[in-house]
Structure formats: structure tokens, C-alpha cells
Amino acid sequence: MEISQQASISARLNNVKESPLFYKVFSLVSIGIMIDAADIYMASSANTTMVQSDFATEAQGSMFLSAGFLGLFLSPVTLAIALAGKQPTN
């Protein structure tokens with residue numbers, strides 16, 4: 001890439017204004033991260049209590065946490081696949 005082309009791209013990016021869509025996406029991502037953090041915090045607390053009270057073994061507790069992380073991974077993937085099929089055609 002040429003220097004002048006890089007400068008042109010840099011100047012264009014510096015002049016970009018945030019659109020309402022940017023703020024909507026930013027808000028949704030932020031809310032999702034906070035919900036995921038709360039989910040991880042509650043799951044780890046529940047796991048600790050279950051293992052300490054001998055309700056579950058350490059292996060079962062690990063499976064519990066692993067299933068939670070798998071859910072945190074599969075939920076956005078499933079949503080993305082579902083939304084990909086609903087894209088408008090031009």
C-alpha cells in the first residue's frame with residue numbers, strides 16, 4: 001500500500017462520525033458482556049457451594065462450569081446463524 005493511500009485512509013477514518021447504529025451495537029455488546037460476567041460470577045459461586053457441601057464432586061463441578069461456558073459460546077453462534085438467514089436481499 002502506498003504512503004499517500006495510507007494517509008488518505010487515515011484521514012477518512014479520522015473524519016468518520018458515529019452513527020446511531022454504532023451506539024446501538026456498542027450498547028448491545030456492552031450489555032451482553034455485563035450479563036456474561038454476572039453469569040460467570042454466579043456460576044462460580046454456585047459451583048463453590050455445591051462442591052464444599054459435597055452435593056457435587058470436583059469433576060461434576062468442572063462439568064457444570066464447562067457447560068456454562070459452552071452455553072456462552074453457543075448462544076451467540078446460534079443467534080448469528082439465525083440472523084444470517086434473515087438478511088435482506090438487494
- Task: Working to the nearest 0.5 Å, report the span between CD1 of I40 and OG of S45.
- Result: 12.0 Å
- Message: Take a 6.0 Å sphere around CD of E58 and say whether it holds more than 12 heavy atoms from other residues, nucleotides or ligands.
- Response: no
- Would I33 and V25 show up in the same hydrophobic cluster when neighbours are defined by side-chain heavy atoms closer than 4.5 Å? yes
- Item | Distance-minimising heavy-atom pair for Q60 and F55 | OE1-O, 4.3 Å
- Query: If you look at every heavy atom in F64 and A43, which pair is closest and at what distance?
  - Reply: CE2-O, 3.5 Å
Show every donor-acceptor pair shorter than 3.5 Å between a side-chain atom in residues 67-75 and any protein atom, with sequence neighbours excluded, or say none if there are none.
residue: S75; atom: OG; partner: G71; partner atom: O; Å: 2.8

- Query: Can you tell me how far the CD1 atom of I35 sits from the OG atom of S30, to the nearest 0.5 Å?
  - Reply: 11.0 Å
- Message: Test of understanding: clusters of I, L, V, M, F, W, Y form through side-chain heavy atoms closer than 4.5 Å, transitively. Do L21 and V29 belong to the same one?
- Response: yes
